[in-house]
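Written out below as structure tokens is the structure these notes cover.
So you know, we letter chains A, B, ... as the sequences are listed, proteins then strands, and number each from 1.
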Protein chains: 2
Amino acid sequence: MTTGDAARTQLRRGVLEHCVLALLQSGERYGYDLVSELSGAGLLASEGTLYPLLSRLRRDELVESAWRESPSGPPRRYYALTDSGRAALDSFRHSWAQFAGSVDQLLQKGA
Amino acid sequence: MTTGDAARTQLRRGVLEHCVLALLQSGERYGYDLVSELSGAGLLASEGTLYPLLSRLRRDELVESAWRESPSGPPRRYYALTDSGRAALDSFRHSWAQFAGSVDQLLQKGA
DNA sequence: GCAAGGTACCTTGCGCGGCAAGGTACCTGG
DNA sequence: CCAGGTACCTTGCCGCGCAAGGTACCTTGC
């Protein structure tokens, strides 16, 4: 891995969940697909993280899922946002903006 | 509290530690003082979080501490950055910028 | 002179979420 | 036919923030 390993791991907490919701905004996606995108963005370190997360999102009814056959390979479970999911995402965007603002300010204060 | 309670709590993970380091940049501070500043900024919910954190920072030699008497009230433990602390802070600034950038981008993608 | 309340430190028990490792099954390509 | 990519999932662990609770100092007011 690049830099800031341990630090990154902590940063992802709580963010990853909402990043998944954000990715679902533009249409339904399946897990393995999300894994590669989030890993690429440096927001996910292990597959083993995402599937339990998706289960939680289903349990909390922020997403709903449907099995579809793949043109090649095993079947995929596709996820889509529910209304609650969209609401949660909007709410998080505010929290994030505010939070990130505070942190930026604090980190620069006398840099 | 305002909004996004639970979300906020998760967001603070790993950030708080480095915010403390950032606050020490401009000179030594004592715990109770940090508590009020960080609480004010919405980055800390409970006193009980900070003291163990400060112990960790001491253990990892990112800060050093010295007891000083207070003009009024019980003695205070003042904390100051070590060289390692300054380095950790610099390193975190990069991680944070990169991380926050990724998140911002992802959250806006099709907002 | 003593109780009340602010200052200042610390500890304990808990829960949650990300990580690593491991496991199953499907399907294609050599 | 089997090696390897696709795609799903589970289990055990660890670290950090939180809430609640605890000690002691010092001032203020009655």
[X] [atom1] to [N] [atom2]: how many Å, rounded?
{"X": "B/Arg58", "N": "C/dT11", "atom1": "CZ", "atom2": "C1'", "value": "13 Å"}
{"X": "B/His18", "N": "D/dC16", "atom1": "NE2", "atom2": "P", "value": "10 Å"}
{"X": "A/Glu37", "N": "D/dA7", "atom1": "CD", "atom2": "P", "value": "14 Å"}
{"X": "A/Arg29", "N": "D/dA7", "atom1": "CZ", "atom2": "P", "value": "12 Å"}
{"X": "B/Asp33", "N": "C/dC9", "atom1": "CG", "atom2": "C1'", "value": "14 Å"}
{"X": "A/Leu54", "N": "D/dC8", "atom1": "CG", "atom2": "C1'", "value": "11 Å"}
{"X": "B/Glu47", "N": "C/dG6", "atom1": "CD", "atom2": "C1'", "value": "12 Å"}
{"X": "B/Leu53", "N": "D/dG17", "atom1": "CG", "atom2": "C1'", "value": "9 Å"}

May I ask you to decide if [Y]'s main-chain N or O and [X]'s side chain share a donor-acceptor pair within less than 3.5 Å?
{"X": "A/Ser36", "Y": "A/Asp33", "result": "yes"}
{"X": "B/Thr49", "Y": "B/Ala45", "result": "no"}
{"X": "A/Arg68", "Y": "A/Arg77", "result": "no"}

Could you tell me whether [X] contacts a base, only the sugar-phosphate backbone, or nothing, with contacts defined as non-hydrogen atoms closer than 4.0 Å?
{"X": "A/Gly31", "result": "sugar-phosphate"}
{"X": "B/Ser46", "result": "base"}
{"X": "B/Gln10", "result": "sugar-phosphate"}

Flag the pair B/Glu69 and B/Arg76 as a salt bridge only when some basic side-chain nitrogen lies within less than 4.0 angstrom of an acidic carboxylate oxygen.
no
Inspect the contact between B/Arg8 and B/Asp5 and indicate whether a charged nitrogen and a carboxylate oxygen are less than 4.0 angstrom apart.
no
For residues A/Leu23 and A/Leu38, determine if any side-chain heavy atom of one lies less than 4.5 Å from a side-chain heavy atom of the other.
yes
Checking only heavy atoms, does the side chain of B/Arg13 share a donor-acceptor pair with the base of D/dG17 at less than 3.5 Å?
no
Measure from the side-chain heavy atoms of A/Thr49 and tell me the nearest of C/dG18, C/dA8, D/dT10.
C/dG18
Which nucleotide in the set D/dC16, C/dC19, D/dC18 lies at the smallest distance from any side-chain heavy atom of B/Ala45?
D/dC18
Watson-Crick or G-U wobble partner of C/dA21, both distances under 3.5 Å
D/dT10
Taking only N and O in the side chain of [X], is any of them less than 4.0 Å away from OP1 or OP2 of [N]?
{"X": "B/Arg76", "N": "C/dA8", "answer": "yes"}
{"X": "A/Arg56", "N": "C/dG18", "answer": "yes"}
{"X": "B/Tyr32", "N": "C/dC9", "answer": "no"}
{"X": "B/Thr9", "N": "D/dG17", "answer": "no"}
{"X": "B/Tyr30", "N": "C/dA8", "answer": "yes"}
{"X": "A/Arg12", "N": "C/dC19", "answer": "yes"}

